[in-house]
Amino acid sequence: VLLQASGGGLVQAGGSLRLSCAASGLTFSNAAIGWFRQAPGKEHEFVAAISWSGNTFYADSAKGRFTISRDDYKGTVYLQMISLKPEDTAVYYCASRLYGTLSTLEDRYAYWGQGTQVTVSS
């Protein structure tokens, strides 16, 4: 199983980015996918998740600004981020569950991508 996260970069506060997570080696349409992030000196933090059927859940910090979506044909999950803040600066990781139901807990995810850096300048 391979998860490849991309789309990170440097953006000014108030800007937007779209992260992508391309998955291979699993039955993608049956898997829930989550996004987590880790800021320097902090623990992993749940950001958003999407179930196999398209149900979504967001951390309070992401609600209203981030949108998670999936394209099962392309085997890709997206995280559209708008109104970015300096506190959104972190390495963003995507992860896949073995099951279709979403979870906010990182230990429920079996496979992890390598992460993509998001830096928001003030």
Side-chain angles (χ1 to χ4, degrees):
V1 176
L2 181 64
L3 299 174
Q4 292 186 302
S6 62
L10 173 63
V11 64
Q12 290 187 332
S16 62
L17 284 172
R18 187 178 79 159
L19 306 184
S20 299
C21 176
S24 60
L26 76 164
T27 306
F28 182 81
S29 60
N30 291 346
I33 305 293
W35 283 97
F36 293 78
R37 67 186 182 186
Q38 187 170 25
K42 296 187 177 181
E43 295 184 352
H44 269 191
E45 176 188 20
F46 169 77
V47 177
I50 187 166
S51 73
W52 71 276
S53 61
N55 292 328
T56 59
F57 190 81
Y58 298 91
D60 287 344
S61 59
K63 286 178 183 176
R65 299 188 301 125
F66 295 1
T67 302
I68 189 170
S69 62
R70 64 189 299 152
D71 184 333
D72 289 344
Y73 181 77
K74 294 182 178 179
T76 301
V77 167
Y78 304 98
L79 186 68
Q80 178 69 50
M81 306 185 295
I82 65 171
S83 303
L84 283 163
K85 306 174 182 180
E87 51 263 44
D88 294 318
T89 295
V91 177
Y92 284 70
Y93 299 88
C94 61
S96 171
R97 297 201 68 203
L98 294 174
Y99 310 103
T101 53
L102 60 84
S103 175
T104 64
L105 305 176
E106 60 180 289
D107 63 2
R108 302 297 172 88
Y109 289 82
Y111 306 107
W112 291 78
Q114 84 287 2
T116 185
Q117 176 71 48
V118 172
T119 303
V120 184
S121 63
S122 57

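All heavy atoms count here, side chains included; hydrogens, waters and symmetry mates do not. Being a predicted model, the structure only gives us computed values, none of them experimental.
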Enquirer: Rounded to the nearest 0.5 Å, what separation is found between the CZ atom of Arg18 and the OG atom of Ser69?
Expert: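 It is 7.0 Å, given to the nearest 0.5 Å.
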Enquirer: Determine the interplanar angle of the Trp112 and Phe36 rings, folded into 0 to 90°, and report it as parallel if under 30°, tilted if 30 to 60°, perpendicular if over 60°.
Expert: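 Plane angle between 30° and 60°, so tilted.
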Enquirer: Tell me, do Tyr111 and Leu98 make a side-chain contact under 4.5 Å, heavy atoms counted?
Expert: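 Counting from C-beta outward, Tyr111 and Leu98 do come under 4.5 Å.
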Enquirer: Look up atom OG1 in Thr76 and atom CD in Gln4, then write down how far apart they are to the nearest 0.5 Å.
Expert: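 These two atoms lie 10.0 Å from each other.
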Enquirer: Give the C-alpha distance, both sets of side-chain angles, the deciding distance and a yes or no for side-chain contact (heavy atoms from CB on, under 4.5 Å) between Ile50 and Val77.
Expert: CA-CA 9 Å; Ile50 187 166; Val77 167; 4.3 Å; yes
Enquirer: I'd like to check Ser29 versus Trp52 (side-chain heavy atoms, cut-off strictly below 4.5 Å). Are they in contact?
Expert: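 The answer is no; the side chains never approach within 4.5 Å.
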Enquirer: Quick one: name the residues clustered hydrophobically with Tyr73, using the 4.5 Å side-chain heavy-atom rule over I, L, V, M, F, W, Y, and just say none if it's on its own.
Expert: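 Members other than Tyr73 - counting any ILVMFWY side chain reachable under 4.5 Å - there are none.
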Enquirer: Do Ile68 and Phe28 land in one hydrophobic cluster if side-chain heavy atoms of ILVMFWY residues count as linked below 4.5 Å?
Expert: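 Yes, because Ile68 and Phe28 connect within a single hydrophobic cluster, where side-chain heavy atoms sit under 4.5 Å apart.
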Enquirer: Nearest 0.5 Å, please: how far is CG in Leu19 from OH in Tyr78?
Expert: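 Taking OH in Tyr78 and CG in Leu19, the distance rounds to 12.0 Å.
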Enquirer: Is there a donor-acceptor contact under 3.5 Å linking the side chains of Tyr109 and Arg97?
Expert: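 No pair is found: no donor N or O on one side chain lies under 3.5 Å from an acceptor on the other.
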Enquirer: Report yes if the side chains of Lys85 and Ser61 come closer than 4.5 Å at any heavy-atom pair, otherwise no.
Expert: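 Side chain of Lys85 against side chain of Ser61, heavy atoms only: no contact under 4.5 Å found.
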Enquirer: Please check if the side chain of Arg70 supplies one atom and the backbone of Ser51 the other of a donor-acceptor pair under 3.5 Å.
Expert: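 Such a contact is found between Arg70 side chain and Ser51 backbone.
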Enquirer: Report the residues that fulfil side chain to side chain donor-acceptor pair (under 3.5 Å) with Tyr93, sequence neighbours left out, ordered by chain and then residue number.
Expert: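 Listed in chain order: nothing, the list is empty.
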Enquirer: Between Cys94 and Gln114, is there a side-chain heavy-atom distance shorter than 4.5 Å?
Expert: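 SC-SC contact between Gln114 and Cys94 ruled out.
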Enquirer: Do Ser103 side-chain atoms and Leu105 backbone N/O form a donor-acceptor pair below 3.5 Å?
Expert: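 Between the backbone of Leu105 and the side chain of Ser103 there is a qualifying donor-acceptor contact (under 3.5 Å).
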Enquirer: Considering all heavy atoms of both residues, which atom of Ala31 and which atom of Ser96 are nearest to each other, and what is their separation?
Expert: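 Taking Ala31 first and Ser96 second, the nearest heavy atoms are CB-OG, 3.7 Å.
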Enquirer: Taking the side chain as every heavy atom from C-beta outward, state whether Tyr58 and Val47 have any pair of such atoms under 4.5 Å apart.
Expert: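 Of all side-chain heavy-atom pairs linking Val47 with Tyr58, none is under 4.5 Å.
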Enquirer: Who pairs with Gln80 by side chain to side chain donor-acceptor pair (under 3.5 Å), at least two apart in sequence or on another chain?
Expert: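 Side chain to side chain donor-acceptor pair (under 3.5 Å) check on Gln80 returns nothing, list empty.
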Enquirer: Can you list everything that forms a side chain to side chain donor-acceptor pair (under 3.5 Å) with Thr67? Sequence neighbours excluded, please.
Expert: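 With sequence neighbours excluded, Thr67 shows a side chain to side chain donor-acceptor pair (under 3.5 Å) to no residue whatsoever.
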Enquirer: When you measure from the side chain of Thr116 to the backbone N and O of Gly8, does any donor-acceptor pair fall under 3.5 Å?
Expert: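 Flag set: sc Thr116 to bb Gly8 pair under 3.5 Å.
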Enquirer: If I take atom OG from residue Ser16 and atom CZ from residue Phe66, how far apart are they, to the nearest 0.5 angstrom?
Expert: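 These two atoms lie 11.0 Å from each other.
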Enquirer: Test of understanding: with side-chain contact (heavy atoms from CB on, under 4.5 Å), list the residues that count as partners of Val120, not counting sequence neighbours.
Expert: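 Listed in chain order: Val11, Ala13, Leu84, Pro86, Asp88, Thr89, Val118.
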Enquirer: Got a second to check how far Leu17's CG is from Leu79's CG, nearest 0.5 Å?
Expert: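 So the gap between those two atoms works out to 9.5 Å.
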Enquirer: Closest heavy-atom contact between Ala23 and Leu3?
Expert: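 Closest pair (atom of Ala23, atom of Leu3, distance): CB-CD2, 3.3 Å.
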Enquirer: Can you get from Leu10 to Met81 by hopping between Ile, Leu, Val, Met, Phe, Trp and Tyr side chains that sit under 4.5 Å apart?
Expert: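 They do not share one cluster, since no chain of ILVMFWY contacts under 4.5 Å joins Leu10 to Met81.
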Enquirer: Could you list the residues that satisfy salt bridge (Lys or Arg N to Asp or Glu O under 4.0 Å) with Asp71, not counting sequence neighbours?
Expert: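 Result, salt bridge (Lys or Arg N to Asp or Glu O under 4.0 Å) vs Asp71: none returned.
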Enquirer: So, do Phe57 and Phe46 sit near enough that their side-chain heavy atoms are less than 4.5 Å apart?
Expert: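 Yes, side chains in contact.
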Enquirer: Should we say atom CZ of Arg65 is surrounded by more than 12 heavy atoms from elsewhere, each under 6.0 Å from it?
Expert: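 Result for CZ/Arg65: enclosed.
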Enquirer: If you round to the nearest 0.5 Å, how far is CD of Glu87 from NZ of Lys42?
Expert: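 Lys42 NZ to Glu87 CD: 8.5 Å, rounded to 0.5 Å.
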